[in-house]
> 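Got a structure for you, questions after.
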2 protein chains.
Amino acid sequence: MTSIRLYDLQVRDDRRPSPFCWRAKYALAHKGLPFETVPVALTDIPAVAGGTHKTVPILDDGGKIVSDSWAIADYLDEVYPDRPRLFGSPAERALCQFVETSLIASAARPILLCYLKDIYDCVLDKDRDYFRQSREKFIGCTLEELASGRAERIEAARAGLESVRLTLKGGAPFLSGAHPGYADYIVAGFLLWIALVATAPLLQSDDPLLAWLARVQDLHGGVGRAVPLSAMVA
Amino acid sequence: MTSIRLYDLQVRDDRRPSPFCWRAKYALAHKGLPFETVPVALTDIPAVAGGTHKTVPILDDGGKIVSDSWAIADYLDEVYPDRPRLFGSPAERALCQFVETSLIASAARPILLCYLKDIYDCVLDKDRDYFRQSREKFIGCTLEELASGRAERIEAARAGLESVRLTLKGGAPFLSGAHPGYADYIVAGFLLWIALVATAPLLQSDDPLLAWLARVQDLHGGVGRAVPLSAMVA
């Protein structure tokens with residue numbers, strides 16, 4: 001019986017799309033640590049694990065509570081130093097942050113805007129009002145108005161992933177080189193998120209990202225393997 | 001007397017703008033290896049160091065010839081393993097390649113198009129015909145036609161550096177974290193290149209990139225300190 005629990009955002013049909021939770025699930029799998037996920041609704045997050053955190057992932061390691069995907073990764077490397085490291089060096093960690101910010105700057109915003117309505121359509125009934133209100137306040141229009149400009153935004157989102165394609169063109173199997181690392185989990189987390197909610201394809205079927213994503217899905221006993229990519233691929 | 005020589009692209013007034021040569025100069029300085037640069041005109045590159053290489057940087061380490069900035073960095077880490085490493089791990093090297101491709105995808109192309117005419121105006125007289133012919137063939141129009149759309153392209157180039165700004169916003173002094181690394185030299189190389197040729201500013205004076213760039217200029221005895229940034233800053 002495992003003592004590690006990960007609070008994981010749940011939407012309809014028990015899907016678990018959160019890109020930040022994917023990072024934490026991959027981080028635990030990379031370390032070879034057994035864990036169980038605890039599904040949590042968006043509006044229930046403030047009530048779990050002592051009620052001190054507003055976002056998932058939240059890790060409960062035998063009573064030690066850690067939230068935020070970066071903090072969880074750091075915690076795991078610190079507390080389980082003899083298991084495979086998530087960050088081989090401080091520089092690798094810093095460059096993983098560049099990978100995240102680079103994707104935020106080039107792809108995450110168009111991706112979010114393309115799929116926000118799809119995400120809304122997936123959230124649990126109890127979360128729908130909160131999701132609509134908070135997200136419409138953020139974007140400054142209704143979710144339906146946002147969805148109308150989707151075709152061009154999908155092009156922009158697809159183009160915003162070009163840095164990942166170019167890097168993989170170098171021939172290494174993973175963004176982190178010969179072996180998978182946290183940078184791979186960051187990017188895969190974004191794509192698995194979309195794969196679980198999309199009603200319009202983000203990637204073309206010949207996109208070189210797909211072979212890499214399949215490799216990442218198969219890692220560590222197949223932690224991401226159950227996610228079907230078909231809804232995301234034209 | 002040093003035995004390491006680095007062939008370094010020379011333009012008017014003995015400026016040395018090549019972003020790839022900057023990486024090699026920083027790599028040597030990071031390793032603490034004394035070296036001398038050998039100025040070389042663009043059209044003279046095929047004649048130097050045995051005549052087997054078409055681009056600079058070319059390193060001559062006591063007769064051992066290495067060209068290409070990545071190969072030079074790898075060579076230095078391999079042959080001088082007891083000096084500070086350029087790549088602390090294979091993953092750090094892989095993520096440095098992501099930094100390069102990310103900048104190529106987001107910033108390098110608009111930057112190149114903004115400043116190609118400025119670069120032409122800087123190259124040595126003997127290189128001008130070759131530069132114009134080869135670059136106009138590449139871009140499909142004259143350098144003067146290209147220069148006409150510059151104002152909007154500068155906006156795009158500036159925005160294309162947002163990933164670097166966002167990463168530095170995390171609070172670390174360098175892209176590589178607490179200590180400078182090859183990722184910093186890649187990005188600084190692009191900016192020092194433009195600083196040495198620009199006739200129109202790339203950055204606003206309050207750009208947070210500037211404090212970081214000044215730190216990189218001061219590294220390793222000030223290898224990049226002599227480059228004035230004023231032409232690049234509004």
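Below, chain A is the first sequence line, B the second, and so on; all start at residue 1.
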> Locate the shortest heavy-atom distance separating A/Cys96 from B/Leu95; write the atom from each residue and the value.
SG-CD1, 3.9 Å

> Counting only heavy atoms from other residues, nucleotides and ligands, does the tally under 6.0 Å from CZ of A/Arg109 exceed 12?
no

> Could you report the tightest heavy-atom contact between A/Gly177 and B/Ala94, atom names first, then the distance?
N-CB, 3.4 Å

> Among A/Leu103, A/Leu166, A/Leu168, which residue forms the greatest number of heavy-atom pairs with chain B at distances under 4.5 Å?
A/Leu166

> Counting only heavy atoms not in A/His53 (residues, nucleotides, ligands), do more than 12 fall under 6.0 Å from its NE2?
yes

> Find the distance between CD (B/Glu100) and OG1 (A/Thr167) and round it off to the nearest 0.5 Å.
9.0 Å

> I'd like to know whether NE2 of A/His220 has more than 12 heavy-atom contacts from other residues, nucleotides or ligands below 6.0 angstrom.
yes

> To the nearest 0.5 Å, tell me how far B/Phe98 CZ sits from A/Ser102 OG.
4.0 Å

> Answer yes or no: is there a donor N or O on one side and an acceptor on the other, between the side chain of A/Thr101 and the main chain of B/Ser163, under 3.5 Å?
yes

> Side chain, backbone, both or neither: which part of B/Ser89 has a heavy atom under 4.5 Å from chain A?
side chain

